[in-house]
Every structure is written in structure tokens, then in C-alpha cells.
Amino acid sequence: MRVLIIHADKFEYEVKDPTKMAEEIPAGAPRKHTFQEPLVVFTTVESSDDNADAIAEVAATDIAEVFSKVEARSVVLYPYAHLSSDLARPDQAIAVLKATEAAISSKGMDVHRSPFGWYKGFEIKCKGHPLSELSREFDAGQKKTREEVVEKIRSDFFILTPDGEEIRLDLKNIDSMKFLDDYPSLKTFIISEEVGRSKGIEPPSIKAMQRLELVDYEEASDRGHFRMYPKGHLIFSLLESWAEEIALDRIGAVQIDTPILYDWSMPDIRSQGMSFHERHYTLKTDEKREFVLRFAGDFGLFRMLKGATISYKNLPLRVYEFSKSFRLEQRGELTGLKRLRAFHMPDVHCFVADIDDGWKEYMLLYKSYGDLADATGVEYTVAFRIVKEFYDKYKQNIVELLKYSKKPALIEVLSEMKHYWAVKHEFQGIDSVGGAVQLSTVQLDVEDAERYGIVYTDAEGKKRGCIITHSSIGSIERWMYVLLEEALKHEKPSLPFWLSPTQVRLIPVSHEFVQDCTTLADSIKGRVDIDDSDDKVGKKIRNAEMEWIPMIIVLGEKERASEKIPVRHRSGEVKHMTKVEITEEIERLTKGYPTARLPLPRMLSKRPVFRG
């Protein structure tokens, strides 16, 4: 059993419509109830709570202690399924709630139990003193930690190939698993994340992002918060535009925007916060209200859809939000753009009627995000986590996805559910120092919709809970991290052409040819700048190479008189190309991707130096 205890000035609720698991309430019983100075106990009964009397006694004893300390007038026992993903059966939950009601009453407290399985609206005003908000977790004998709850869940690991072959994996003897040599990216991920054998080396992208004037630390802010210089902001904006294009145009989502700040006293917000074990930012206002900065886009989305009227005709309903989010990660875990405290998540949630439709959405998202990852050219691998019952039934769906990716995957099969999802996967980017970073993820949620009051009306006019497919394309900051890390694996680092802040650098051999460069730049489509500095030509070329610029053109008397111009590519190859051919090459390299103008003035002499 998990409870959230709130000492309130006032609590009011109204019983509305029954769910399919609702307990009966007496005819003519009042639907609206108001309480002054109550101790409101939001209660989730879990599947392991099979000894109703024993757990009721443990819970009632703890509630009585709090009741006495805060001097509440009454106890309101309020069924609330949002505090756990491991829910009891309806009959089991009702039995535990009734037993708890009786145990509380036997200790001399006035207690009211709200009916189980009904949609209800409520208003609460929390007092705000140190004991006014408490969370508890009970079993039949003692309070339990989350670690104890999940300890009983067993995991089996193996590799699943696109041909459907399962290769058993022994994480305790990973060095003996020689077959992993055939899957180097997967091996790196498993050793880094599953075995926990990290090299502890600082990723070179940290120095690179600073030297290239992309991203830097901001000393006046908290750790894990960054400033972006113009070139870094350009890359960020192009990735954001690409994510939006995938979500809106390819997947067909509608776009919303919700606040980043939420009232910490609200039970649904606090219950989500509890799952992150204090890894959240909170702040208090002069009005003595406490707020939390969201750590995921679910906060506002779920509240928005709870108030929406949704018909089966509206499904699948796909919703996109570009969510700036915050997580108070531990100081020692912060690593450049890999792990931050403030980041931007392009999230897509799909709401459907049943599991089969949920899988269709899952597979659409997987393939869309796989195309994105492949197009960036980054090294990545795939990992699935799935409940055994689901794996046995839907293994072929996973095989189909691996065939699409042409990649094997790590499979972790769980003996039972420990979260709201029955299956999820991650695309794990591989950095240049043997580490891994989660990029895209998709999760098939079989529990949260009805729990959060997100329902649709079916063809018979009955309200039913949706199946939710949660997904994130991956934080923009992490995509920037893995792109830089991928570049730094090579002798000549480079970004994808469409993301390069400068795509073509024109170098006049003297000031006499600056105007020629300007004329050429005007005729070429793409981000073209001109090094009009007083440096020697050789130094200008070296500077362009240090900036990872993909195309370099030196313009002098010979080039002025020639129809074809020598174009030095990042690979070291020199091609003689006409202006039309240069434009066609740029169009080929940028086709299908967002475009943007130069982030800085065309002339290098006009640009400030952001890092001395």
C-alpha cells in the first residue's frame, strides 16, 4: 500500500461517473462531500497487499500518529491509483480499503471512505506546515522501500537478432560472451550501462563544444545549465525543427504547449514527483505556495486531456510538445551535454483504444525515430525492456522492428511489471570514450490513462480508458552531444552537412578578391561566409579546418578567370566544380532537412569572439 497524506484546511469532492470496476453506492447517497480540517489519505492498494487486516492495522497505526500530531478533525480515505503501477485487483483493493477504514475507526478517529472505482472531482487546500504533506509505503509488517518492492522482479537478458534468434547473455561473465565481438556497438553499451564498467574518461565533446563556440557553462546559473552561442543555437534550432517536422508531418501529431511550473500540493503532481526520488526543482512563493519545475511533459498533457472530450472517432490521438524540462541530477552525474539539469524534450504521446492499436503506434514511432537516427550517421544500438507475458505474445513485433533497423538488440525480459509500461525500448548512442547515452525512447503504457482520468467514449457510448504510447525523440542537447562525439571518433571531425553552422567558407587570396567572394556567395544556396581577415591564406585554410567546415573555396586571379573552381572537401578531396554544381551538391546534401541562414555575419571581420 502507498499513501499520500495531506492535512488540509478544506477538502471537497464530488462523485461523478462509475468505471467498470466501481463498487456500488447506496441509492440516494450524497454525491458531494465537504470536510474541514481533515487528514486526507490518498491511497493506492498494490497487488502484494493480500493480507487486508494486517496491512490495514499497520496503515491505521501510522495514520493515527499523524492525526494526533496535526490535530486533524477527521480522516478521509480516498482511493487514488496514481501512486503505483503495481495495482491490486478491484475486489482486493476494496477489501483492503474497508479494512483500513475499520482499523482507523477502531482507534477513535472519525473516518470517511470515498467510494472505489468512480470518477470524482475534488478540491483541496493544503495547510503548508512541515507535517502537512507526507508519503508512506506499507506492507503487512513494515514500511517498504522502492528497492524492496522491485527486488522480487527477475530479469533475463539475451540478444535478439533480426532473424529472431535468441542468444542468452550472462552479465556476470560478460568477458566470456565472445559472440558480442560480432556486435561491437551493442557490446560497448552492455559493458557501460548493464555491467557498469565505465572508463571514467571526460568526453572530448566538452572541450570541443567550447572551442567551436557552440555551447558553454554559465557560472551565474546552476550546474547543468548552459548558454548557447549563435552557432550552437543554430544547430539546436535545426534539430528542433527536424523533430517538429517528424512529429507533425510524418507522425501526424497535433502540437500543444503547457506550463513548466506546477503546484506541488496537488496529489497527481506530487505522485509523479515521488517516482524521481527528490530529483526535482521546487520553489516557494510569497503566497506560501510550493511549486515544482516539470521533469517531463506528462504533467500538463495529462491534465489537459483529462478535461477533454474524446470520442473513439478521434483515435488515434497523437500529441506533440516541445517540453523544456528540469531534473535535479546529482552533481557527480553531470557530464557536458550528456546529462544536464535543464533540457528540451520533443515528446509525442499517442492515445488509442486497445493494445493492438497501441502496437501500431509503437511501431510507427520506432521506425520514424530509427530513420532519424540513421540519417544523422551516429553510432547507436537498441535495447528493449519487456514484461515476459508481453514478450511471449508479441516477440514477432520486435523481430519486425529489428529487421527494419537491421540491428540486433539487447532484450531484458521482466518477470512482472514494475512500471506503468509493458514494453519500452531505447536507442542508445555510443560516444567516443566507450559510454552510452539514451536518445529516443518509446513506451507502451497499459495503465496510466484510466488512472489519470483520460478516457474516450466508445461506439456504445461507454467511457473507456485509453492505451498510451509515450515517446521522446530524445533531448536536443543529447543529440548535440552524440553528434559531437561521433565526429570526434574520426581523424577529421565533421558534423552532418545540414547541421554545419558554415557550410561553405570562401577565402580571398587578398582584399582585392573580397568582392568576388561576395558575388559568389550571393549565387550559392547555403550558409556561405567569407574570411576577409588579414591572415595569410594558409592560416585561413587551417582556421576553416579547425572549425570543421565541410567545403572550402580559395578565390584568386586564377579562380576568377575559370569557369570551374577547386572546392576542398572535408574529406581532403578537391573537386573542380561550377557554381551550378556547387549549388546542386549543397541541395543534395541538405534535401529533406530543415534549413536556416547563417547564425553570424557573413564577413568574419564583423564577428565577435565569444571565447577568448
Novice: Taking atom types as modelled, find out whether Asp298 and His349 have a side-chain donor-acceptor pair closer than 3.5 angstrom.
Specialist: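 There is such a pair (donor and acceptor under 3.5 Å, judged by atom type) between the side chains of Asp298 and His349.
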
Novice: Tell me the closest heavy-atom pair linking Ile124 and Ala8, and the distance in Å.
Specialist: CG1-CB, 3.8 Å

Novice: Is NZ or CZ of Lys313 both nearer than 6.0 Å to the six-membered ring centre of Tyr456 and within 45° of the ring axis?
Specialist: no

Novice: Verify whether one side chain among Thr43 and Arg2 offers a donor that lies under 3.5 Å from an acceptor in the other.
Specialist: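 Per modelled atom types, Thr43 and Arg2 side chains form no pair under 3.5 Å.
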
Novice: Less than 3.5 Å apart, any donor N or O on the side chain of Glu321 or Thr258 sitting next to an acceptor on the other?
Specialist: yes

Novice: Are Ile246 and Ile251 close enough that some pair of their side-chain heavy atoms sits under 4.5 Å apart?
Specialist: yes

Novice: Apply salt bridge (charged side-chain N to carboxylate O under 4.0 Å, His left out) to Lys324 and list each qualifying residue two or more places apart in sequence or on a separate chain.
Specialist: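 Partners of Lys324 by the salt bridge (charged side-chain N to carboxylate O under 4.0 Å, His left out) criterion come out as none, since no residue qualifies.
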
Novice: Sort and list the pairs that fulfil salt bridge (charged side-chain N to carboxylate O under 4.0 Å, His left out) and have at least one residue in residues 237-249, not counting sequence neighbours.
Specialist: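 Sorted result for residues 237-249: empty, none.
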
Novice: For residues 300-311, which residue pairs qualify under side-chain hydrogen bond (donor to acceptor under 3.5 Å, both in side chains), counting only residues two or more places apart or in two chains?
Specialist: Asp268-Arg303

Novice: Quick one: does Lys127's side chain get under 4.5 Å of Glu133's, heavy atoms only?
Specialist: no

Novice: Aromatic ring centroids of Phe295 and Tyr281 under 6.0 Å?
Specialist: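 Here the rings of Tyr281 and Phe295 have centres that are no less than 6.0 Å from each other.
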
Novice: Are Tyr420 and His470, when compared by the centres of their aromatic rings, separated by less than 6.0 Å?
Specialist: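 Judged by ring-centre distance (under 6.0 Å), Tyr420 and His470 do meet the cut-off.
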
Novice: Using salt bridge (charged side-chain N to carboxylate O under 4.0 Å, His left out) as the criterion, list what pairs up with Lys424, not counting sequence neighbours.
Specialist: Glu426

Novice: In this structure, is the centre-to-centre distance between the rings of Tyr13 and His112 below 6.0 Å?
Specialist: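 Centroid distance His112-Tyr13: below 6.0 Å, so yes.
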
Novice: Distance-only check: which donor-acceptor pairs under 3.5 Å involve side-chain atoms of residues 101-110, not counting sequence neighbours?
Specialist:
from: Glu101; atom 1: OE1; to: Arg113; atom 2: NE; distance (Å): 3.1
from: Ser106; atom 1: OG; to: Ala103; atom 2: O; distance (Å): 2.7
from: Lys107; atom 1: NZ; to: Glu57; atom 2: OE2; distance (Å): 2.8

Novice: Fit a plane to each ring of Tyr80 and Tyr78, take the angle between them on a 0 to 90° scale, and name the class: parallel (under 30°), tilted (30 to 60°) or perpendicular (over 60°).
Specialist: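 Judged by the thresholds at 30° and 60°, the geometry between Tyr80 and Tyr78 is tilted.
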
Novice: Any ring-ring contact (aromatic ring centres under 6.0 Å, His included) involving residues 318-337? Give me the pairs, sequence neighbours left out, ordered by first then second residue.
Specialist: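 Checked against ring-ring contact (aromatic ring centres under 6.0 Å, His included) - neighbours excluded - the pairs reaching residues 318-337 are Phe322-His344.
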
Novice: Would a distance-only check, ignoring hydrogens and angles, find a side-chain to backbone donor-acceptor pair under 3.5 Å from Tyr262 to Gly300?
Specialist: yes

Novice: Do the side chains of Tyr217 and Arg223 get nearer than 4.5 Å, heavy atoms only?
Specialist: no

